[in-house]
S.K.: 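First, the structure itself, so that you have it in front of you.
Not measured: the values here are computed from a predicted model. Naming: A, B, ... by sequence-line order, numbering from 1 per chain. Note: hydrogens, waters and symmetry copies are ignored here, and every other heavy atom, side chains too, is used.
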Amino acid sequence: DAGVTQSPTHLIKTRGQQVTLRCSPKSGHDTVSWYQQALGQGPQFIFQYYEEEERQRGNFPDRFSGHQFPNYSSELNVNALLLGDSALYLCASSEGWGTYEQYFGPGTRLTVT
Amino acid sequence: KQEVTQIPAALSVPEGENLVLNCSFTDSAIYNLQWFRQDPGKGLTSLLLIQSSQREQTSGRLNASLDKSSGRSTLYIAASQPGDSATYLCAPGGRGSTLGRLYFGRGTQLTVWP
């Protein structure tokens with residue numbers, strides 16, 4: 001049973017560019033959440049997708065957007081990259097009912113130069 | 001707004017010691033609470049999940065307790081091993097309009113030396 005997968009593993013971008021990160025949830029999960037983890041900090045919630053809609057959003061600017069596809073996979077898009085966007089981006093999946101136990105992927109390390 | 005604090009921030013112990021990691025949170029209206037471990041530069045591995053109606057959960061050498069009314073959770077690690085070295089994160093989960101959202105502090109960085 002495959003767990004949560006994310007791609008790419010690492011990414012280097014220049015300020016002002018745009019980036020797309022991808023996530024495939026654990027088999028049987030229909031809810032995907034994205035988190036940003038800066039160095040030395042705990043993860044911060046960006047947003048959550050369920051039934052192809054954004055259900056919740058944390059305190060992140062509109063430069064951060066996402067999408068969920070019919071197969072429950074998800075993308076995180078960041079426009080107009082800033083140096084401060086450098087972080088580990090984590091995807092978590094869960095069932096949209098019951099215990100809501102969250103399972104995390106290995107993350108994508110984004111470096112903005 | 002949920003605020004999570006973990007004490008101590010760092011802990012360095014010899015192999016074999018029994019450990020206590022503390023977590024406090026400001027909003028007791030939680031749906032559940034998860035404990036995770038994170039190895040450097042890696043994703044989060046779920047260790048234990050405690051539902052809001054439960055008092056504790058156990059898995060192997062790990063035991064987590066929850067006192068929701070006082071906003072506290074404790075992770076006990078028995079007979080620590082060098083392989084336990086990692087950062088441990090506690091994450092209370094929101095409920096209602098924030099169901100499924102986890103709130104994190106900075107974690108406790110644990111080093112277990114042989």
S.K.: Of all of B:Gln34, B:Gln109, B:Gln38, which one pairs up most often with chain A through heavy atoms under 4.5 Å apart?
M.R.: B:Gln34

S.K.: Are B:Leu21 and B:Val112 connected in a single hydrophobic cluster, I mean Ile/Leu/Val/Met/Phe/Trp/Tyr linked by side-chain heavy atoms less than 4.5 Å apart?
M.R.: yes

S.K.: Give a yes or no on this: more than 12 heavy atoms of other residues, nucleotides or ligands lie within 6.0 Å of atom NZ of A:Lys13.
M.R.: yes

S.K.: Side-chain heavy atoms nearer than 4.5 Å, only ILVMFWY residues, links allowed to pass through others: does that put B:Ile30 and B:Trp35 together?
M.R.: yes

S.K.: Could you tell me whether a side-chain N or O of A:Tyr35 sits under 3.5 Å from a main-chain N or O of B:Leu102, the two making a donor and an acceptor?
M.R.: yes

S.K.: Checking heavy atoms, do the side chain of A:Gln48, its backbone, both or neither come under 4.5 Å from chain B?
M.R.: side chain

S.K.: Does CZ in B:Phe104 sit with more than 12 non-hydrogen atoms of other residues, nucleotides or ligands closer than 6.0 Å?
M.R.: yes

S.K.: Within a radius of less than 6.0 Å around CG of A:Leu83, do more than 12 heavy atoms belonging to other residues, nucleotides or ligands occur?
M.R.: yes

S.K.: Is the side chain of A:Gln56 donor-acceptor paired with the backbone N or O of B:Leu99 at a distance under 3.5 Å, no angle test?
M.R.: yes

S.K.: Who wins among A:Cys91, A:Gly58, A:Pro106 for the most heavy-atom pairs under 4.5 Å with chain B?
M.R.: A:Pro106

S.K.: Using a cut-off of under 4.5 Å for heavy-atom pairs, which of A:Tyr50, A:Tyr103, A:Tyr100 has the most such pairs with chain B?
M.R.: A:Tyr100

S.K.: Give me the atom names and distance for the closest heavy-atom approach of B:Gly43 to A:Leu90.
M.R.: CA-CD2, 3.9 Å

S.K.: How about A:Arg63: does its CZ atom have over 12 heavy atoms from other parts shown lying under 6.0 Å from it?
M.R.: yes

S.K.: Tell me, for B:Leu44 versus chain A, whether the close heavy atoms (under 4.5 Å) come from the side chain, the backbone, both or neither.
M.R.: both

S.K.: Give the member of B:Gln6, B:Arg106, B:Arg101 that has the highest number of heavy-atom pairs under 4.5 Å with chain A.
M.R.: B:Arg101

S.K.: Side-chain heavy atoms under 4.5 angstrom apart, residues restricted to Ile, Leu, Val, Met, Phe, Trp, Tyr: same cluster for B:Leu48 and B:Tyr76?
M.R.: no

S.K.: Do B:Ser46 and A:Glu101 make a side-chain contact, defined as non-hydrogen atoms from C-beta onward lying under 4.5 Å apart?
M.R.: yes

S.K.: For the atom pair OG1 (B:Thr45) and CZ (A:Phe104), what is the distance rounded to the nearest 0.5 Å?
M.R.: 10.5 Å

S.K.: Does any backbone or side-chain atom of B:Thr98 lie under 4.5 Å from a heavy atom of chain A? Answer side chain, backbone, both or neither.
M.R.: both

S.K.: Are more than 12 heavy atoms from other residues, nucleotides or ligands located less than 6.0 Å from atom CG of A:Asn71?
M.R.: yes

S.K.: Verify the neighbour count for atom CZ of A:Arg109: are there more than 12 heavy atoms of other residues, nucleotides or ligands below 6.0 Å?
M.R.: yes

S.K.: Against chain B, label A:Gln37 side chain, backbone, both or neither, depending on which of its atoms sit under 4.5 Å from a heavy atom there.
M.R.: side chain

S.K.: Is the count of non-hydrogen atoms from other residues, nucleotides or ligands lying under 6.0 Å from A:Ile12 atom CD1 greater than 12?
M.R.: no

S.K.: Less than 6.0 Å separating the ring centroids of B:Tyr103 and A:Phe45?
M.R.: no

S.K.: For B:Gly100 and A:Ser33, which heavy atoms make the closest approach, and how far apart are they?
M.R.: O-OG, 4.3 Å

